[in-house]
Visitor: 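The structure under discussion is supplied below as structure tokens; questions concerning it will follow.
Note on naming: letters A, B, ... go to the chains in the order of the sequence lines (proteins, then strands), and numbering restarts at 1 for each one.
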Amino acid sequence: MNKQFSEIYLKIYDAIGQIPYGKVATYGQIAEKAGLRGQARLVGYALYSLPDGLDIPWHRVINAKGEISALPDPDWRGIQKGLLEAEGIRFNQNGRVDLKQYRWDSKSKL
DNA sequence: GCAGTGACTAGTA
DNA sequence: ATACTAGCCACTG
């Protein structure tokens, strides 16, 4: 199971790891951090290929709408939602996160 | 090596 | 407000 990941993937994982607790980041932000700029799709692709066992807060990564894209499995979304709620992030009735409030400001210092 | 696919985003109708 | 289209690039078959 020694699957080697491209440098891009590692950068993406690293960028995700920079997301502080209680905050969320969009794919675009992660892509920008990883040097992919607008290639948010690659971020999603990387997460899709994300191996189990790595301590990556992938649940803090959501789309630009503040909604959880995630896999087609409803349970999977529930897990992500639960993890976010556990960090104090609230969801609207639409199941969306208030990006204006919880969006990680990459410019901000920890 | 070519074609298809994708956990997206921004723009247009 | 929602629905559809185009663009972007890496991974898979």
Visitor: Measure CD/A:Gln80 against C1'/B:dA7 and give the value in whole Å, please.
Guide: 8 Å
Visitor: Which of these nucleotides, B:dA7, C:dA10, B:dC8, is closest to any side-chain atom of A:Ile8?
Guide: C:dA10
Visitor: For A:Ala64 and for A:Leu42, find the nucleotide of DNA chain B with the closest heavy atom, then tell me which residue's nucleotide is more 5'.
Guide: A:Leu42
Visitor: Using atom CG of A:Leu36 as one end and atom P of B:dT9 as the other, report the distance to the nearest whole Å.
Guide: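 Taking CG of A:Leu36 and P of B:dT9, I get 13 Å after rounding.
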Visitor: On the 0 to 90° scale, with breaks at 30° and 60°, tag the A:Tyr9-A:Tyr13 ring pair as parallel, tilted or perpendicular.
Guide: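 Plane angle over 60°, so perpendicular.
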Visitor: Of the candidate nucleotides B:dC8, B:dA7, C:dC11, which contains the atom at the shortest distance from the side chain of A:Tyr9?
Guide: C:dC11
Visitor: Rounded off to whole Å, could you give me the CG-to-P distance for the A:Leu47 and C:dC11 pair?
Guide: 14 Å
Visitor: Just how far, in rounded Å, is P of B:dT9 from CG of A:Leu99?
Guide: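 Spelled out: CG on A:Leu99 to P on B:dT9 is 9 Å.
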Visitor: Compare all side-chain heavy atoms of A:Ile62 with those of A:Gln80 and state whether any distance is below 4.5 angstrom.
Guide: yes
Visitor: If only side-chain N and O atoms of A:Ser6 are considered, is one of them under 4.0 Å from the OP1 or OP2 phosphate oxygen of C:dC11?
Guide: yes
Visitor: For the side chain of A:Tyr45, starting at C-beta, report the closest nucleotide among B:dA7, C:dC11, C:dC8.
Guide: C:dC11
Visitor: Atom CZ of A:Arg37 to atom C1' of C:dG7: distance rounded to whole Å?
Guide: 14 Å
Visitor: Quick one: which of B:dA7, B:dT9, C:dC8 gets closest to the side chain of A:Arg41?
Guide: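 Out of B:dA7, B:dT9, C:dC8, the nucleotide with an atom closest to A:Arg41's side chain is C:dC8.
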Visitor: Please assess A:Lys23 against A:Glu87 for the test salt bridge (Lys or Arg N to Asp or Glu O under 4.0 Å), listing each intermediate value before the final yes or no.
Guide: CA-CA 8 Å; A:Lys23 291 279 184 176; A:Glu87 297 191 355; over 6 Å; no
Visitor: Just how far, in rounded Å, is P of B:dC8 from CD1 of A:Ile12?
Guide: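 Distance check: A:Ile12 CD1 to B:dC8 P gives 13 Å.
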Visitor: Could you tell me the separation between the OH atom of A:Tyr27 and the C1' atom of C:dC9, rounded to a whole number of Å?
Guide: 17 Å
Visitor: Do A:Ile89 and A:Leu83 touch side chain to side chain, with heavy atoms closer than 4.5 Å?
Guide: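 Contact flag for A:Ile89/A:Leu83 side chains = no.
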Visitor: Once you round it to whole Å, what is the distance between P of B:dA7 and NZ of A:Lys65?
Guide: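 So the two atoms are 13 Å apart, to the nearest Å.
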Visitor: Between A:Leu47 and A:Val61, is there a side-chain heavy-atom distance shorter than 4.5 Å?
Guide: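 Side chain of A:Val61 against side chain of A:Leu47, heavy atoms only: contact under 4.5 Å found.
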